[in-house]
Structure formats: C-alpha cells, structure tokens
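Heads up: the structure comes next, in structure tokens.
Positions are given from 1, in the same order as the sequence printed here. Everything quoted here is computed from the prediction, not taken from an experiment.
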Amino acid sequence: MASFFSFSTFLILIGCLVLGAAYAWVLYAVNRNLAQKLRNTLAIIRTLAVATLAFLLFAPLVRRITHTPEKPVIIIANDNSISVKAIQPSGFDVQKYQQDLKRLAVKLSEKYEVKTYSFGDSVKQGLSFTGTDQVSNGTALVNQLNDELLNRNVGAIIMASDGIFNRGGNPIYELNKIKAPVYTIGLGDTIPKRDVLVANVNYNNIVYLDNEFTLDVQVQAFESKGENVRLSVLENGKQVTEQSLSIGSDSFVKDAQIKLKATKVGMHRYTVSVSEVKNEITIKNNSQTIFVEVIDGRQKVLLAAAGPHPDLATFKQSIELNKHYEVSTAIAEELESVDASKYSLVILYQLPTANYSATSLINKLRQQKVATWFVLGAQTNLQSFNQVQAQLNFARANSSLQEVFPYYENNFTAYNLNTDALKQLDGYDPLQIPFADLVIKGNYTAVLNQRIGKVNTESPLLFFTEDNGKKNGFLIGEGIWKWKLEEAKNENAYPLVAELISKTVQYLSVKEDKRKFKVYSSKSAFEENENVLLNATLYNDAFEPVNNPEVKIQIKNSEGKAYNYTFSKVGNAYQLDAGALPQGNYTYIASTSLGDKKYTTNGAFYVSAVITEYQQTTANHQLLNTMAQQTQGKMYMPANLLNIVDDLEKSGQVKTITYEDRRYEEMINLKWIFAVILVLLTVEWFFRKRNGEA
C-alpha cells in the first residue's frame with residue numbers, strides 16, 4: 001500500500017496539471033487539422049503526461065506499508081546426555097519415545113515452523129538419541145536459542161530432559177529472555193537407586209614440600225543402609241590411606257577429612273575411591289581423580305645484618321605476608337656460615353660495616369649470581385661498600401647523615417603499586433642517608449627518588465640495576481620502620497610499605513626463564529570431553545620471538561600409543577589444538593630447529609574421565625515442572641508427549657504474528673508510473689501520425 005497525498009502535495013499536483021493543460025492548449029488550441037473531439041482527447045492525454053512528468057521533478061516521497069505474516073517457531077530440544085540413556089525407569093520404551101518425538105516434530109511442522117536441537121556437551125541442530133554427551137548444559141541451550149531467535153515469533157519450547165543440569169547453572173533463570181511457554185517432557189527415573197559415590201573433593205591444588213594438606217571428601221549413598229564401605233586414597237596408583245564408613249541411612253552423606261603429606265616435588269595424581277556395594281546402579285561415580293602440584297617449599301630470603309635494627313622486623317613481616325616466601329635472619333657471626341645457594345634473594349642490611357665486612361658472603365653472592373638487595377644507612381662503611389661492588393660509588397663521604405623524603409618515579413613500570421596509596425608518601429618521615437656524592441655506573445631503574453626539603457631531585461632512593469644477568473636492588477636510607485609506624489596511626493591507611501617491600505622482593509627473586517624453546521599445555525589436567533591445547537614459543541639469539549620453522553610434537557599415552565602433530569603459527573608464536581583425548585597420563589616431546597641449532601623440550605599432562613553425569617542419578621522432575629509452570633507451559637511424561645499438539649492449539653498462546661513495515665521512498669522509483677507515461681505518449685503519437693501530424 002502506498003500513500004503520498006497531503007495538502008502541500010495536492011497544491012503541487014494542481015500546479016502540475018495547470019502546467020500540463022497550458023502545454024496542451026499551446027499545442028492543440030490553434031490546430032485546425034484535427035477533429036474537435038480528437039483534439040480534446042489528445043489534449044487530455046498530453047495534459048496527463050506532462051503533469052505526471054512535472055510531478056516527478058519534485059520527487060515526492062511515497063509511504064509504503066506492507067504486512068508480512070510470520071508463523072510461530074516451535075523449538076523441540078532433546079537432552080542427549082549419558083544420564084538420560086543410562087538411567088531409565090522400568091517399562092520405559094526407548095524406541096517408542098524416539099518415534100513419538102519425531103512424530104511430534106512432523107505434526108507441528110504442518111502448522112508451525114519447527115526447529116529441533118540436541119543438547120549436552122554442546123548444542124547441535126537436529127534430534128540425536130545417542131546418549132553420549134558427558135554433561136548436560138541447559139543454560140547453553142537457552143542462551144543459543146536466545147541468540148538465534150532474537151526478535152522471532154517463538155511460540156513454545158519443548159524440552160525433553162531428566163532435569164539434571166550439571167553445567168552452566170540452572171536454566172530456569174535464563175528462560176525469561178525468550179518469553180515463550182516451556183513444555184517439558186520428563187525423562188529418567190525419579191525413584192532413587194542403590195548407589196554409593198564420591199560426591200565431591202575439596203583440596204588445594206598447590207602445596208609445599210614436606211607440608212601436610214587435607215582432602216575434604218564428601219561420600220553419599222542411596223538405598224544402601226547397613227552397608228560398610230572403604231574410603232581409600234591412591235597416590236599415583238599406590239594406596240596411601242584407607243578408612244571404613246558405615247552407611248546408617250538410605251539417604252546418607254558423610255564428610256571425611258583425609259590428611260596427606262607432600263613428600264616429593266612435582267605433579268601428583270590422587271584417586272579418591274569408595275568401594276562398591278552389591279546391586280549398585282553404577283560404579284563409575286565411585287571414584288574421583290584430582291591433581292596436586294607439590295612445589296619445592298617457599299622461596300628463601302635471607303636478612304643479613306651486623307646487628308639488630310627495627311627495620312629488620314619491618315622487612316621480615318612484609319615479606320612473610322606472601323606465603324610463597326620464607327625469611328631467615330643472620331646477624332654478626334652467623335654471616336660466616338651462610339649457605340648462599342639456598343636463597344633466592346639476600347638483603348644486606350647496612351653491610352659492610354666497620355665491624356663486619358661480610359666480604360666472604362658478598363663474594364659468594366656474586367659467584368653464585370644470587371640476587372642482592374643492599375640497604376645503606378648510618379652504619380654502612382661506604383669505603384668498603386665501594387670495593388665489594390662495582391655499580392655504585394660514594395665519593396667525598398664523611399660521618400654525617402642527611403634526611404631525605406621519598407617521592408614516586410612516575411616512569412617506573414617493573415611492577416605496579418596502588419596509585420591512590422602513593423599519595424601517602426608525602427606524609428612519611430624522612431630516611432637517613434649517608435652524606436656523600438653518589439655516582440651510578442650504568443643504567444638503573446628507579447622506584448623512589450629523593451626529595452630534600454621541598455625540592456624533588458633526580459637522585460634515586462630505591463632503584464634496581466643488573467650486573468651480568470644478576471639483579472641488584474638498592475635502598476639508600478634507613479628508618480623505613482617509621483613509615484610502617486605512620487601507617488599504623490591511621491587505621492584507614494593502605495599498607496604501602498608492605499606492598500613496596502613484598503613486590504621488590506618478588507621482582508628481585510624471580511629468575512627469568514632464558515630457554516629459547518618452550519612448550520607448555522594450557523593446564524596440567526584436562527577432562528576427556530575438552531580439547532587439549534598446547535602453546536609454544538621460539539626465540540632467536542637476540543631473544544626475539546620467531547615462528548618461521550615448523551614445530552612438531554609427539555604425544556604418548558601410558559600404553560605407548562603415539563599421536564603426532566604439527567603446531568599452527570599464530571602471531572609470533574605457535575599453538576596446537578590436539579582435540580579431545582581419551583582418559584590417561586600423557587607425555588610429550590616437541591622439537592624444532594632454528595638455523596643450525598636444534599631444540600627439544602618435553603612435558604606431561606593428564607586427561608581425566610568425566611563422571612559428572614553419574615554424580616546425580618535421580619531425575620529432577622520437580623525442576624522440569626517448575627520451569628513449565630513459571631512460563632505458563634505444562635509438563636508431560638514420554639507416554640503422552642503427542643498431546644502437546646492439541647494442547648498448543650487450545651492454549652491460544654501460539655499465534656501467527658503480522659509485521660507491518662512502513663517505509664518512505666521516492667516516487668520516481670515506482671516503475672508503473674513510467675509505464676503510464678509511456679502509454680500516454682505512445683497513444684498520442686499514434687493518433688497524431690495517423691492524422692498526418694508530425
């Protein structure tokens with residue numbers, strides 16, 4: 001339907017008709033060669049043709065209204081997870097159910113647009129009844145439907161499931177996005193079956209060597225009252241502990257705490273199992289496998305000093321806030337017996353002094369390339385300090401001290417500090433530093449600079465250098481304990497001192513990985529229904545990432561079966577998607593070459609069995625009924641699912657929607673107008689020619 005008339009359009013039309021009439025009068029008013037009746041007819045034709053052409057010159061807009069009907073879309077989704085196929089009530093006819101669901105789709109397609117899906121691990125189009133998906137994700141189904149059918153006329157969603165949704169949360173909270181009634185078909189068995197299972201294991205996935213750790217194990221049992229079972233833990237296939245449990249009720253839950261000790265560094269596989277009982281519905285949920293990484297204790301940090309000082313307590317407390325660090329203290333004579341190789345970082349507090357040169361310790365640190373943090377103060381012997389290291393030099397030193405305040409170096413990027421908390425630096429007491437001329441040989445990175453009085457200087461207060469691959473830190477000043485005390489006065493103050501010390505220790509103690517070829521899996525343990533992803537990086541002699549050569553990898557399981565792959569090149573690195581692999585332990589060896597150098601590296605990962613579908617074996621029809629009721633739908637049992645056809649029609653909720661499309665377009669785009677003009681001019685030309693007119 002087109003509409004373009006308005007008052008202004010009417011005036012334009014009148015003007016065009018007047019113009020056309022004037023043109024016709026000039027052409028035919030004085031023409032005596034044609035009969036009067038024919039002249040009048042041709043004049044009218046010419047008037048209409050000229051008026052139409054003139055009207056088009058003004059290019060008026062035409063409003064076009066179209067109506068498009070859209071049939072309702074009916075969704076039929078089938079739960080294709082293991083629990084639906086494995087747990088079925090007695091007398092359930094699987095073939096009849098599958099045939100009826102297909103017939104339902106056919107009958108509904110006679111009146112509606114029907115879309116079918118299967119969901120479990122993922123959402124796929126079409127009905128599948130294999131029952132092989134290892135999880136059931138109803139939320140993923142609802143989200144995909146919402147994406148695909150946005151602004152569509154969704155009449156109803158028909159979902160066949162056992163109500164056990166073990167991935168993605170409860171779909172009932174997502175259904176309001178689609179705004180359509182949900183008709184559920186209750187599959188599975190709501191009667192509890194005889195079963196004993198390991199329901200859950202809570203644990204820390206990283207523990208320290210020689211530390212004890214706890215596994216919190218939840219054991220559940222159904223319809224097994226009076227039975228005795230054994231709860232055992234195997235470490236890498238060898239039993240490490242066992243305890244007996246007596247099942248005292250038909251719905252039994254027991255939380256057991258199992259204490260273990262980390263005795264060896266590396267990745268450890270623990271299998272937590274409960275023994276089976278007679279006539280158990282499944283034994284696949286009787287065990288769970290977890291992985292715990294044992295690391296070689298905390299990184300060790302040594303505080304070395306000639307004598308006690310309040311600053312030492314501040315350093316120690318701040319460092320120990322990070323559970324990954326262990327702090328030791330060596331004072332005076334203890335310095336001579338220090339084993340430097342044990343430590344990731346040594347903090348030399350005001351060493352060397354006049355009484356303790358600590359030359360032996362400093363030489364050990366240099367030889368073994370142990371990161372060192374020098375803290376200088378009033379007791380530091382600057383002349384000896386100049387001799388034990390080559391990066392700083394203090395000239396024209398005397399016994400006097402100078403007070404300096406800290407201010408933050410805005411260009412510092414080695415680690416981040418709380419931006420708002422840095423304002424606290426303005427209120428901290430000054431540190432005392434030796435009065436001398438400081439010369440730094442080579443490059444350095446400053447964290448804090450010195451402010452003397454109200455003047456910000458370029459002299460660093462806390463800064464880092466690098467000496468032949470070894471990181472060194474320098475804090476020129478003592479009295480940092482006063483900063484800590486200043487924070488304690490204000491309960492709202494941010495612990496900036498602790499953060500500054502902790503992050504400095506972390507920066508200095510972390511050893512850089514200088515390997516030129518690295519291959520690593522995205523995580524140490526995968527589930528058998530997810531893809532195994534590995535990444536690789538290759539560096540040239542300038543330590544720039546390159547990916548010109550091919551990287552090959554061979555993955556082997558515990559039986560020796562090998563899988564060979566070639567990495568894909570992504571950006572400046574490599575990536576491999578090895579797909580889903582069967583359960584088991586896997587090792588890999590990757591190789592490549594750059595120029596005349598060959599590189600190899602190896603690693604390991606584990607693929608665990610997915611037992612999620614066996615963790616709950618009793619169907620949750622109550623949830624299915626709630627989903628239906630809250631969306632004004634209805635729940636059905638498989639035997640009467642074909643009744644949905646009639647109930648949908650009777651409900652009055654499923655209706656065809658007609659969309660009205662209104663748009664404006666230029667009149668010149670209407671092709672029929674050109675046809676009218678052509679006909680008018682052709683008729684006029686024909687009669688003029690027939691009567692001898694040019």
Side-chain angles (χ1 to χ4, degrees), residues 79-87 118-124 128-141 161-162 164-169 195 197-203 205 215 217 233-237 267-274 276 280-293 519-535 553-565 567 575-590 602-617:
D79 188 341
N80 195 38
S81 61
I82 290 174
S83 61
V84 172
K85 185 176 182 180
I87 314 297
S118 296
F119 66 96
D121 293 335
S122 59
V123 182
K124 301 175 183 176
S128 177
F129 303 99
T130 59
T132 55
D133 285 11
Q134 294 170 327
V135 295
S136 181
N137 193 338
T139 300
L141 170 68
S161 175
D162 56 6
I164 302 174
F165 302 110
N166 42 46
R167 280 291 188 277
D195 193 19
L197 65 144
V198 177
N200 190 37
V201 181
N202 284 325
Y203 63 99
N205 58 357
L215 306 182
V217 182
V233 178
L234 280 70
E235 180 183 1
N236 297 327
M267 186 67 67
H268 293 254
R269 174 169 55 94
Y270 291 93
T271 303
V272 183
S273 302
V274 62
E276 61 184 279
E280 194 172 350
I281 187 171
T282 180
I283 61 172
K284 292 185 177 182
N285 54 13
N286 286 43
S287 66
Q288 284 197 36
T289 299
I290 64 171
F291 292 86
V292 175
E293 183 179 3
V519 176
Y520 48 94
S521 56
S522 59
K523 53 186 179 178
S524 58
F526 299 87
E527 292 186 340
E528 60 182 340
N529 67 332
E530 65 178 322
N531 290 1
V532 174
L533 302 176
L534 295 104
N535 300 286
I553 188 171
Q554 184 179 79
I555 301 175
K556 283 187 178 181
N557 61 15
S558 54
E559 286 77 33
K561 183 177 180 181
Y563 304 84
N564 295 301
Y565 302 93
F567 277 83
Q575 195 173 78
L576 171 66
D577 183 349
L581 296 176
Q583 175 193 3
N585 292 309
Y586 291 85
T587 59
Y588 61 81
I589 297 178
N602 56 62
F605 59 87
Y606 183 81
V607 177
S608 61
V610 180
I611 61 170
T612 308
E613 282 292 300
Y614 297 100
Q615 294 299 99
Q616 182 180 346
T617 56

- Message: Working note: His268 + Asn236, criterion side chain to side chain contact (heavy atoms under 4.5 Å, CB included); need CA distance, chi angles, decisive distance, verdict.
- Response: CA-CA 6 Å; His268 293 254; Asn236 297 327; 3.7 Å; yes

- Can Thr612 and Gln134 be said to form a side chain to side chain contact (heavy atoms under 4.5 Å, CB included), step by step? CA-CA 7 Å; Thr612 308; Gln134 294 170 327; over 6 Å; no

- Given the rule in the side chain to side chain contact (heavy atoms under 4.5 Å, CB included) test, do Asp577 and Leu533 qualify, once you have shown the distances and angles that lead to the verdict? CA-CA 5 Å; Asp577 183 349; Leu533 302 176; 3.6 Å; yes

- Task: Given side chain to side chain donor-acceptor pair (under 3.5 Å), test Ser522 with Asn535 step by step and report yes or no.
- Result: CA-CA 7 Å; Ser522 59; Asn535 300 286; 5.6 Å; no

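Around CD1 of Ile589, the count of heavy atoms belonging to other residues, nucleotides or ligands within 6.0 Å does not exceed 12. The local environment of CG in Leu234 is crowded, with over 12 non-hydrogen atoms from other residues, nucleotides or ligands closer than 6.0 Å.
Although no hydrogens or angles enter the test, the distance criterion places no donor-acceptor pair under 3.5 Å between the side chain of Glu528 and the main chain of Pro582. Side chain of Asn286 to backbone of Leu197: no donor-acceptor contact under 3.5 angstrom is found. The backbone N or O of Ser136 lies less than 3.5 Å from a partner atom in the side chain of Asn166, making a donor-acceptor pair. A donor-acceptor contact shorter than 3.5 Å is absent between the side chain of Asp133 and the backbone of Val135. Here the side chain of Lys85 pairs no donor or acceptor atom with the backbone of Phe129 at under 3.5 angstrom. In this structure, the side chain of Gln583 does not engage the main chain of Glu527 through any donor-acceptor pair within 3.5 Å. Checked by atom type and distance alone, the side chain of Thr139 pairs as donor or acceptor with a backbone atom of Gly169 at under 3.5 Å.
Thr289 meets the side-chain contact (heavy atoms from CB on, under 4.5 Å) test with Arg269, Thr271, Phe291, Tyr606; sequence neighbours excluded. Annotation: salt bridge (charged side-chain N to carboxylate O under 4.0 Å, His left out) contacts of Glu235 (sequence neighbours excluded): none. Gln616 is linked by a side-chain contact (heavy atoms from CB on, under 4.5 Å) to Ile164, Asn620, counting only residues two or more places apart in sequence or in another chain.
Distance check, rounded to the nearest 0.5 Å: CG of Asn529 to OG1 of Thr132 gives 11.0 Å. The NZ atom of Lys561 sits 9.5 Å away from atom CG of Leu581, with the distance rounded to the nearest 0.5 Å. Within the model, atoms CD of Gln554 and CG of Asn602 stand 12.0 Å from one another, a figure rounded to the nearest 0.5 Å. The structure places CG of Asn585 at 9.0 Å from CD of Glu559, a figure rounded to the nearest 0.5 Å. In this structure, Asp195 CG and Ile281 CD1 are separated by 6.5 Å, a value rounded to the nearest 0.5 Å.
Nearest heavy atoms, Arg167 versus Asn137: O-OD1, 3.1 Å. Taking each heavy atom of Ser521 and Lys523 in turn, the nearest pair found is OG-O, 2.9 Å. The minimum heavy-atom distance between Asn80 and Ser128, with the atom names listed, is OD1-O, 3.2 Å. Of all the heavy atoms in Asn285 and Thr282, the pair that sits closest is OD1-O, 3.5 Å. Counting all heavy atoms, side chain and backbone alike, Asp79 lies closest to Ser81 at OD1-OG, 2.8 Å. Closest non-hydrogen pair, Val519 versus Ala590, comes out as CG2-CB, 3.6 Å.
Taking 4.5 Å as the limit, some side-chain heavy atom of Phe567 sits within range of a side-chain heavy atom of Ile553. Residues Ile290 and Leu215 meet the side-chain proximity criterion, which asks for heavy atoms closer than 4.5 Å. Residues Ile555 and Phe605 meet the side-chain proximity criterion, which asks for heavy atoms closer than 4.5 Å.
Taking the six-membered ring where the residue is Trp, Tyr563 and Tyr586 present tilted rings, their angle falling between 30° and 60°.
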